[in-house]
J.: 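I have a structure I would like to understand better, so I am pasting it below and will then ask my questions one at a time.
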Amino acid sequence: MPEVKANLTGPLSLPDGSELVLRVMPLPADVNGNGDIFGGWLMAQVDLAGAVLPSRIAKGRIATVAVNQFVFKQPVSVGDLVSFYARVERIGTTSITVHVEVLAERNPANLQVVRVTNANLTYVAIDNEGKPRPIPKP
């Protein structure tokens, strides 16, 4: 994958067509005993970010039904600006699979952008009773 260069506001999309869906800075309360950000905190943020595009496409309520892959590449630290980029991999009858790339901007004096995580998640469109429903046609 090509290296990503960020300007002062960071890129709005990646070369693979993924778009920026969430940007957040972890807090000291989010660290584990080693001083790194909890993996569970990062997983929750990935789930939130991954739901953005499926919510738009499904035009309504969705639920996470699977985390198909989750890879931690590097730790996230307090002070990192963490950006989440998503792209739709597949749209089925009731489900949407999304790929999420997570990049961290660190050391503002000598800016470095690193890939910290990537994941594939599947969401299903649901009705008011929580039952799967068809995804509307575009």
Side-chain angles (χ1 to χ4, degrees):
M1 234 175 207
E3 194 55 39
V4 176
K5 298 229 186 271
N7 59 25
L8 289 178
T9 60
L12 296 178
S13 63
L14 297 181
D16 67 2
S18 296
E19 64 181 275
L20 179 66
V21 292
L22 178 68
R23 186 170 277 157
V24 66
M25 190 174 285
L27 301 173
D30 303 318
V31 299
N32 61 25
N34 298 321
D36 298 320
I37 299 303
F38 279 112
W41 178 90
L42 193 56
M43 292 175 86
Q45 303 307 308
V46 165
D47 191 21
L48 289 170
V52 171
L53 299 178
S55 291
R56 290 179 188 160
I57 294 165
K59 296 184 180 2
R61 197 169 163 202
I62 61 167
T64 309
V65 293
V67 177
N68 308 312
Q69 174 196 12
F70 208 105
V71 179
F72 294 100
K73 296 178 175 226
Q74 288 195 33
V76 174
S77 302
V78 170
D80 286 353
L81 180 59
V82 186
S83 299
F84 299 77
Y85 296 85
R87 76 172 182 272
V88 173
E89 293 283 304
R90 180 185 164 283
I91 300 175
T93 305
T94 62
S95 66
I96 300 170
T97 300
V98 177
H99 179 76
V100 179
E101 283 282 338
V102 185
L103 281 68
E105 298 175 37
R106 47 182 63 142
N107 190 11
N110 185 19
L111 187 62
Q112 181 184 17
V113 179
V114 296
R115 293 180 189 275
V116 294
T117 300
N118 65 54
N120 288 317
L121 302 97
T122 301
Y123 300 85
V124 68
I126 56 175
D127 62 20
N128 289 336
E129 287 144 22
K131 304 281 189 230
R133 65 175 172 82
I135 294 179
K137 300 291 180 212

J.: CG/N68 to NE2/H99 distance, rounded to the nearest 0.5 angstrom?
T.: 11.5 Å
J.: Which heavy-atom pair separates I62 from A125 by the least distance, and what is that distance?
T.: CG2-CA, 4.1 Å
J.: Side chains of F84 and L42: closer than 4.5 Å at any heavy-atom pair?
T.: yes
J.: Give the intermediate values and the outcome of side chain to side chain contact (heavy atoms under 4.5 Å, CB included) for residues L14 and R115.
T.: CA-CA 12 Å; L14 297 181; R115 293 180 189 275; 4.2 Å; yes
J.: Does S95 reach the side chain of V65, with side-chain heavy atoms less than 4.5 Å apart?
T.: no
J.: Do L27 and M43 sit in the same hydrophobic cluster, where Ile, Leu, Val, Met, Phe, Trp and Tyr count as joined when their side-chain heavy atoms come under 4.5 Å apart?
T.: no
J.: Which atoms form the tightest heavy-atom contact between V76 and R106, and what is the distance?
T.: CA-NH2, 4.0 Å
J.: Taking all non-hydrogen atoms of both residues into account, name the closest pair between P26 and I37 and its distance.
T.: CB-CD1, 3.4 Å
J.: When clusters are formed by joining ILVMFWY residues with side-chain heavy atoms under 4.5 Å apart, either directly or through shared neighbours, do V71 and W41 land in the same one?
T.: no
J.: Do you reckon I126 sits in the same ILVMFWY cluster as V88, going by side-chain contacts under 4.5 Å, direct or chained?
T.: no
J.: If you count heavy atoms of other groups shown closer than 6.0 angstrom to CG of N128, is the number above 12?
T.: no
J.: Which atom pair, heavy atoms only, marks the closest approach of N120 to E89?
T.: OD1-CG, 4.5 Å
J.: Heavy-atom distance under 4.5 Å between the side chains of Q69 and N118, does that happen here?
T.: yes
J.: Provide the closest heavy-atom pair for A86 versus L53 in the form atom of the first, atom of the second, distance.
T.: O-CD1, 3.5 Å
J.: Taking a hydrophobic cluster as the set of Ile, Leu, Val, Met, Phe, Trp and Tyr residues connected by side-chain heavy atoms closer than 4.5 Å, whether directly or through intermediates, do V52 and V124 fall within one such cluster?
T.: no
J.: Heavy-atom distance under 4.5 Å between the side chains of L121 and V100, does that happen here?
T.: yes
J.: Is there a path from L81 to L103 through hydrophobic residues (I, L, V, M, F, W, Y) whose side chains come within less than 4.5 Å of each other?
T.: no
J.: Once rounded to the nearest 0.5 Å, what's the spacing between atom OG of S83 and atom CE of M25?
T.: 9.5 Å
J.: So how far is it from R133 CZ to K59 NZ, rounded to the nearest 0.5 Å?
T.: 10.0 Å
J.: May I ask you to decide if V82's main-chain N or O and D80's side chain share a donor-acceptor pair within less than 3.5 Å?
T.: no
J.: In Å and rounded to the nearest 0.5 Å, what is the CD1 to OG1 distance from I135 to T93?
T.: 8.0 Å
J.: For a quick test of reading the model, state the closest non-hydrogen atom pair linking D47 to Y123 and the distance between them.
T.: O-OH, 2.9 Å
J.: With a 4.5 Å cut-off on side-chain heavy atoms, are D30 and V78 touching?
T.: no
J.: Identify, with sequence neighbours excluded, every residue that meets side-chain contact (heavy atoms from CB on, under 4.5 Å) alongside N32.
T.: N34, D36, F38
